[in-house]
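The next block holds one structure in the form of structure tokens; read it before the comments.
The basis for the numbers below is simple: all heavy atoms, side chains too, and nothing from hydrogens, waters or symmetry mates. When a ligand or atom number is given, it counts from 1 through the structure's own listing order. Treat the numbers as computed from the prediction; the structure is a model and nothing was measured.
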Amino acid sequence: MTTRAVIAGVGHYLPERIVPNSEFEQTLDTTDAWIRSRSGIARRHFAAEGETTSHMAVKAAQRALKDAGMTPDDVDAIVVATSTPDLTFPSSATMVQAQLGMTRGFAFDVQAVCAGFIYALGNANALIVSGQAERVLVIGAETFSRLMDWTDRSTCVLFGDGAGAVLLDAQPGNGDADDRGILAVDLNSDGRHRDILYVDGGVSTQTVGHLRMEGREVFRHAVEKLAATSSAALQKTGLTKADIDWIVPHQANIRIIRGTAKKLEIPMEKVVVTVQDHGNTSAASIPLALSVGKADGKLNKGELLVTEAIGGGLAWGAVALRW
Ligand code: UT7
């Protein structure tokens, strides 16, 4: 018998304020038409003043727990994927732990930028499979609006804030690809590409900094690497493309999402798309898409999902799982 990390609950939180593309037309040399046609984004949510990554993470986590019919007392560990923590330390995860009222277990952050949720899922899966935890809250939460250079039209129109969470539960499986839960993980990074997507500040350089991106270059890497990592994860399960029910991609750009689906020979009807409503929420984008997809009746028990992401590092990866 094998232990599998099964998604037992999912939830999300989006800040109240919705910002349509037209709002950027007032301050920047840009148009709603450009943003929609180049990225697929129509609107995004921005956190209110004083609203932080941990606040949003807690709300998403509470909804995931409710969805799973569990309480914070049932949770052994919390992993938060974020590049925009409330403070440099302690971790956002320990702040979430306290706000949930958890007094046992352990909590830590994972930082792999837009691939953060994939890395966090991979780590949480390893904790469960190795017997170190039975129930793990995996959260992606970001306030990327706080990293924007509002004079840079090539970046500030693309990102948004939000949080999503899943509750992973250790359940018995047969060790084959019919099992529910995480079936395979594929993680990659290549630090030589640091300069195409980064924040030009940090603690040890004593600045906060803003997000900088050579969008065209990132785009060039994205489709190829996302298709390759998805195929690699799928191959580890022994299944084929024909077995995929859903692709749940990182939501950065509809053209990247379409290009990757095409390369994988998966029709767009099998792809969960939320980029039009959320923009790029970095590590929050996949759990947000999982939660919205489920609410829309798209992800059903027993279906095979491949979820994939790429971001700063470059760091990228994919997880194949049965819902
Ligand atoms: O989540 C992490 C991973 N990040 C990504 O996946 C992002 C990857 N990159 C992208 O999504 C796309 O490259 C962008 C959406 C960022 C840009 O789309 P593009 O088709 O690659 O456009 P481009 O960068 O080649 O720019 C085309 C033109 C440029 O003008 P010139 O040089 O052709 O005269 C830009 O200056 O569009 C201009 N431009 C804009 N025009 C109006 C750039 N931003 C804007 C804007 N409004 N907001």
Side-chain angles (χ1 to χ4, degrees), residues 19-44 81-84 111-120 140-145 147-162 164 188-191 193-199 210-230 247-261 263 271 273-276 278-289 307-318:
V19 177
N21 291 343
S22 55
E23 215 169 295
F24 293 101
E25 292 176 347
Q26 342 255 306
T27 52
L28 292 167
D29 180 15
T30 191
T31 58
D32 173 48
W34 190 94
I35 301 168
R36 277 177 200 262
S37 66
R38 306 309 276 187
S39 71
I41 298 165
R43 58 194 74 82
R44 73 288 289 139
T82 189
S83 300
T84 47
Q111 208 273 55
V113 207
C114 296
F117 189 75
I118 296 290
Y119 273 62
E142 302 276 19
T143 43
F144 257 53
S145 63
L147 281 179
M148 292 300 116
D149 172 352
W150 299 110
T151 66
D152 179 5
R153 67 177 184 171
S154 71
T155 53
C156 73
V157 301
L158 302 173
F159 292 87
D161 302 333
N188 312 268
S189 65
D190 186 345
H193 302 298
R194 186 196 85 156
D195 292 344
I196 63 173
L197 180 48
Y198 67 105
V199 170
H210 294 113
L211 182 143
R212 306 294 173 200
M213 178 167 73
E214 288 176 34
R216 216 174 304 186
E217 274 303 295
V218 177
F219 198 114
R220 204 172 57 78
H221 286 281
V223 174
E224 193 191 311
K225 287 184 164 55
L226 289 172
T229 187
S230 299
I247 299 275
V248 185
H250 170 49
Q251 310 283 323
N253 187 316
I254 191 66
R255 290 155 55 216
I256 294 174
I257 293 171
R258 284 200 193 109
T260 307
K263 229 177 161 84
V271 183
V273 180
T274 56
V275 69
Q276 69 285 353
H278 302 162
N280 182 346
T281 57
S282 186
S285 94
I286 287 174
L288 272 165
T307 181
E308 32 86 342
I310 186 166
L314 292 175
W316 69 101

note = Closest non-hydrogen atoms of Cys114 and His250, given as atom of the first, atom of the second and distance, are CB-NE2, 3.3 Å
ask   = Between Arg212 and Asp149, is the closest basic N to carboxylate O distance under 4.0 Å?
value = yes
query = Which pairs pass salt bridge (charged side-chain N to carboxylate O under 4.0 Å, His left out) with one or both residues in residues 219-230, sequence neighbours excluded?
reply = Glu217-Arg220
query = By ring-ring contact (aromatic ring centres under 6.0 Å, His included), which residues pair with His210, not counting sequence neighbours?
reply = none
query = By salt bridge (Lys or Arg N to Asp or Glu O under 4.0 Å), which residues pair with Arg258, not counting sequence neighbours?
reply = none
note = Residues with a heavy atom under 4.0 Å from ligand 1, by chain and number, are Asp29, Thr30, Trp34, Arg38, Cys114, Arg153, Ser154, Val157, Leu158, Leu197, Met213, Gly215, Arg216, Val218, Phe219, His250, Ala252, Asn253, Arg255, Ile256, Asn280, Ile310
remark   = OG of Ser39 to CD1 of Ile257, rounded to nearest 0.5 Å, is 10.0 Å
